[in-house]
Amino acid sequence: MSQVVKQQGGEARSPAISVQDLLREEKGPIPDHLTLENNPDTGDAPIPSSYYISSEQHDLEAEKVWPRVWQVACREEDIMSEGDTYIHDILDHSYIVTRTPNGEIKAFVNSCLHRGRALRTENGQAKEFRCPFHGFTWEIDGKFRGMPCKWDFGHVDTDKLELPTVKAEIWGGFVFINIDGEAPPLLEYLGVLPEHYARYNLDKAYKGVHVQKVIPCNWKIAHEAFLESWHSVATHPQILPFTADENTQYDTFGDHISRMITAMEVTSPHLGKVADSEIVRISLEQSGRMASSDADGVSVPDGMSAREFMAEFNRDAFSAASGEDLSDATMCELQDAILYDVFPNFQIWAGYFGNIVYQFRPNGNDHESCIFDVRLLLRSTPEQGQQRGAPINKLTDAQKFSDAPELGVLGSVFEQDMGNLPYMMKGLKASATQEVIVGSYQESRIRHLFNTMQKYINR
């Protein structure tokens with residue numbers, strides 16, 4: 001096992017068993033990235049409520065942040081074939097991400113160079129980009145094809161009328177775009193992330209679930225709800241028998257990456273002793289990531305812990321689903337919630353199966369609502385080959401996440417979060433102090449997000 005590096009942001013830590021304690025119980029080699037702890041002091045000053053509720057803050061982010069960051073537009077399997085297109089909207093910006101005839105992925109500005117009409121309004125297959133207004137037309141690779149009444153445009157050099165592009169690069173099967181022509185390469189921006197995910201073959205995964213819903217709160221409020229685990233004691237009490245919420249490990253790695261590791265099949269310190277068989281039963285029924293929701297007939301052998309049992313249960317199930325040899329996978333990688341955040345708005349679970357992906361962005365120019373995308377990455381066997389990404393299930397305002405059957409029990413978990421998020425806006429507006437208090441350790445990733453945001457705004 002590699003040496004643990006500790007840079008602690010404050011002295012406060014749960015006295016309960018830690019992630020590092022659990023790793024020392026592993027029987028095989030442990031990847032270095034799991035034994036690493038890195039939590040430098042991020043400060044304890046309150047965050048002004050205006051950070052979440054003011055239109056001025058929204059305008060600063062629109063000017064200084066969103067045009068300069070790498071952001072996920074789609075997955076490669078969303079655009080598997082020539083002419084497949086995917087629309088990515090952020091604020092007032094709109095982009096067409098497509099696969100060109102030579103297999104290259106490009107991102108075009110979604111605006112006709114004639115009168116500005118959006119060229120595409122829906123995802124799907126396209127043989128060309130033809131403006132519905134007047135018929136100006138471009139090839140899939142962005143080259144100008146032609147227009148009606150060409151005689152009236154003698155002043156236009158059509159050889160220079162290619163569709164403008166923005167940067168598009170790929171990591172782990174995700175297509176990232178960046179509006180800033182001077183932006184650093186994606187791999188440089190991602191820092192430690194590619195190294196930490198090297199074992200998990202995300203480029204071989206496919207998007208098996210994609211559900212989207214507009215949430216009536218600022219995007220940072222929704223995003224931050226997934227940056228810490230300790231809200232489970234009040235918001236998700238049903239998962240406490242198998243979730244070590246209070247003793248989650250929190251780390252930051254540079255400006256753009258943070259992480260938390262929440263141990264599973266370990267009972268929350270907020271509860272008393274729970275029998276191993278009961279931990280497994282509740283986990284199989286209530287966990288959104290485990291291999292089965294059917295706990296009937298499952299029992300924990302004498303002398304085996306719930307954590308050991310579920311690791312072997314998942315090892316068998318995940319190996320069968322992917323055709324991979326997972327004999328060297330740790331218990332941590334097979335069951336724990338290892339959740340990384342990529343600044344500003346992208347979160348993805350590490351590990352070998354059922355990688356849950358969260359993404360939050362402003363809903364157009366409305367700073368009081370946001371778009372929440374949840375994806376679930378699955379694996380297919382070599383015989384099945386790469387599968388096409390699932391279409392987006394866009395929920396209406398009246399629909400709940402629990403109305404999306406593909407989410408399973410995750411839908412009801414998200415609905416518990418929805419019981420908080422809209423009322424965050426209400427409470428922050430009504431606040432007498434106009435400040436938000438942030439915990440030194442358990443909410444250090446929230447502070448990390450805030451600090452990085454200020455660096456971009458003040459740069």
Quiz item: Any chance the rings of W70 and W171 have centres within less than 6.0 Å?
Solution: no
Quiz item: Between D89 and S94, do the side chains contain an N or O donor and an N or O acceptor separated by less than 3.5 Å?
Solution: yes
Practice problem: Answer yes or no: are there more than 12 heavy-atom neighbours, outside E182 itself, under 6.0 Å from its atom CD? | Solution: no
Self-check item: I53 side chain near N218 side chain, heavy-atom distance below 4.5 Å
Solution: no
Quiz item: So, the side chain of K207 versus the backbone of R75: is there a donor-acceptor pair under 3.5 Å, distance only?
Solution: no
Quiz prompt | Distance-only side-chain donor-acceptor flag, E76 / Q386, under 3.5 Å | solution = no
Quiz item: Applying the ring pair (Phe, Tyr, Trp, His ring centres under 6.0 Å) test to W219, which of F372, W66, F360, Y358 qualifies?
Solution: W66
Self-check item: S14 side chain to N247 side chain, donor-acceptor N/O pair below 3.5 angstrom
Solution: no
Practice problem: Output all residues satisfying ring pair (Phe, Tyr, Trp, His ring centres under 6.0 Å) with F253, sequence neighbours left out; order by chain, then residue number. | Solution: H196
Quiz item: Minimum heavy-atom separation for G354 to L378, with atom names?
Solution: CA-CD2, 4.4 Å
Self-check item: Min side-chain heavy-atom separation S287-M264 under 4.5 Å
Solution: no
Exercise. Report the relative orientation of the aromatic rings in Y197 and Y200; use parallel for angles under 30°, tilted for 30 to 60°, perpendicular for over 60°.
Key: perpendicular
Quiz prompt | Beyond-backbone contact of L119 with W138, side-chain heavy atoms, under 4.5 angstrom | solution = yes
Quiz prompt | Centroid-centroid distance, Y352 to F318, less than 6.0 Å | solution = no
Quiz item: Say you draw a straight line from CG of L34 to CG of L22; how long is it, rounded to the nearest 0.5 Å?
Solution: 12.0 Å
Quiz item: Has the side chain of N355 got a donor or acceptor atom that lies under 3.5 Å from a matching backbone atom of G351?
Solution: yes
Quiz item: Have S50 and E56 got a donor and an acceptor in their side chains that come within less than 3.5 Å?
Solution: no
Self-check item: Test item: Q71 and I177 side chains (from C-beta on) under 4.5 Å apart, heavy atoms
Solution: yes
Quiz prompt | No-hydrogen, no-angle side-chain donor-acceptor test under 3.5 Å, E61 and H367 | solution = no
Self-check item: R145 side chain vs T137 backbone, donor-acceptor pair below 3.5 Å
Solution: no
Exercise. Indicate yes or no for a side-chain donor-acceptor contact from E128 to the backbone of R130 under 3.5 Å, with no hydrogens or angles considered.
Key: no
Exercise. Classify the side-chain pair Q57/S54 by whether it contains a donor and acceptor separated by less than 3.5 Å.
Key: no
Practice problem: Could you go through the side chain to side chain donor-acceptor pair (under 3.5 Å) check for S322 and R379 one step at a time? | Solution: CA-CA 5 Å; S322 65; R379 304 295 194 278; over 6 Å; no
Self-check item: Partners meeting side-chain contact (heavy atoms from CB on, under 4.5 Å) with T248 (sequence neighbours left out)
Solution: S229, Y250, M260, T262
Quiz prompt | For the student: nearest non-hydrogen atoms of L334 and A311, plus distance | solution = CD1-O, 3.5 Å
Quiz item: Atom CG of D78 and atom OG1 of T98: how far apart are they, to the nearest 0.5 Å?
Solution: 12.0 Å
Quiz item: Can you tell me how far OG1 of T165 sits from NZ of K106, rounded to the nearest 0.5 angstrom?
Solution: 6.5 Å
Exercise. First locate atom OH of Y86, then atom CD1 of I392, and finally report the distance between them rounded to the nearest 0.5 Å.
Key: 3.0 Å
Self-check item: Under 3.5 Å donor-acceptor, D336 side chain and A263 backbone
Solution: no
Quiz prompt | Qualifying residues under side chain to side chain donor-acceptor pair (under 3.5 Å), relative to D59, sequence neighbours excluded | solution = none
Quiz prompt | Salt-bridge contact D84-R99 (side-chain N to carboxylate O under 4.0 Å) | solution = no
Self-check item: T42-N451 side chain donor-acceptor pair, cut-off 3.5 Å
Solution: no
Quiz prompt | Over 12 non-hydrogen atoms of neighbours within 6.0 angstrom of NZ in K64 | solution = yes
Quiz item: S444 and side-chain contact (heavy atoms from CB on, under 4.5 Å): which partner among D251, L449, V438, N39?
Solution: N39
Exercise. State which residue, out of Q416, Q286, E285, fulfils the side chain to side chain donor-acceptor pair (under 3.5 Å) condition with Q238.
Key: Q416
Quiz item: Is there a side-chain contact between L339 and W349, using heavy atoms and a 4.5 Å cut-off?
Solution: yes
Exercise. Give a yes or no answer on whether the side chain of R447 reaches the backbone of A45 with a donor-acceptor pair at less than 3.5 Å.
Key: yes
Exercise. Report yes or no: does N363 contribute a side-chain atom to a donor-acceptor pair with the main-chain N or O of I371 at less than 3.5 Å?
Key: no
Quiz prompt | Under 3.5 Å: donor-acceptor pair, side chain of H231, backbone of E228 | solution = yes
Quiz item: At their closest point, which heavy atom of V342 faces which heavy atom of I257, and how far apart are they?
Solution: CG2-CD1, 3.9 Å
Quiz item: Do the side chain of Q384 and the main chain of T381 share a donor and acceptor less than 3.5 angstrom apart?
Solution: yes
Quiz item: Are a donor atom and an acceptor atom from the side chains of H223 and D341 found within less than 3.5 Å of each other?
Solution: yes
Quiz prompt | Contacts of type salt bridge (Lys or Arg N to Asp or Glu O under 4.0 Å), residue E415, not counting sequence neighbours | solution = none
Quiz prompt | Any donor-acceptor N or O pair under 3.5 Å, side chains H236, D417 | solution = yes
Self-check item: Spatial distance of atom CZ (F242) from atom CD1 (I282) [nearest 0.5 Å]
Solution: 8.0 Å
Quiz prompt | Side-chain H-bond candidate by donor/acceptor type, T100 with N102, under 3.5 Å | solution = yes
Exercise. Run the salt-bridge test on K455 and D255 with the 4.0 Å N-O cut-off and return the result as yes or no.
Key: yes
Quiz prompt | Those residues that, when tested against E278, pass salt bridge (Lys or Arg N to Asp or Glu O under 4.0 Å) (two or more places apart) | solution = R281
Quiz item: How close do D245 and Q442 get, heavy atom to heavy atom, and via which atoms?
Solution: O-OE1, 4.4 Å
Quiz item: Do T85 side-chain atoms and G124 backbone N/O form a donor-acceptor pair below 3.5 Å?
Solution: yes
Quiz item: Can you find a heavy atom in the side chain of L227 that is under 4.5 Å from one in the side chain of Q347?
Solution: yes
Quiz item: If you take all heavy atoms of A168 and I105, which pair is closest and at what distance?
Solution: CB-O, 4.2 Å
Practice problem: Please tell me if the side chains of I348 and L202 come closer than 4.5 Å, counting only heavy atoms from C-beta onward. | Solution: yes
Practice problem: Give the minimum heavy-atom separation between R315 and A329, together with the two atoms involved. | Solution: NH1-O, 2.8 Å
Quiz item: Can you list the steps and then say if E265 with S283 is a side chain to side chain donor-acceptor pair (under 3.5 Å)?
Solution: CA-CA 7 Å; E265 315 315 312; S283 179; 2.8 Å; yes
Self-check item: Partner set under side chain to side chain donor-acceptor pair (under 3.5 Å) for Q454, not counting sequence neighbours
Solution: none
Quiz item: Hey, does H33 have a side-chain heavy atom less than 4.5 Å from the side chain of V192?
Solution: no
Quiz item: Would you call the rings of Y189 and H256 parallel, tilted or perpendicular, where under 30° means parallel and over 60° means perpendicular?
Solution: parallel
Quiz item: If you measure from CG on D203 to CG on L377, what distance do you get to the nearest 0.5 Å?
Solution: 11.0 Å
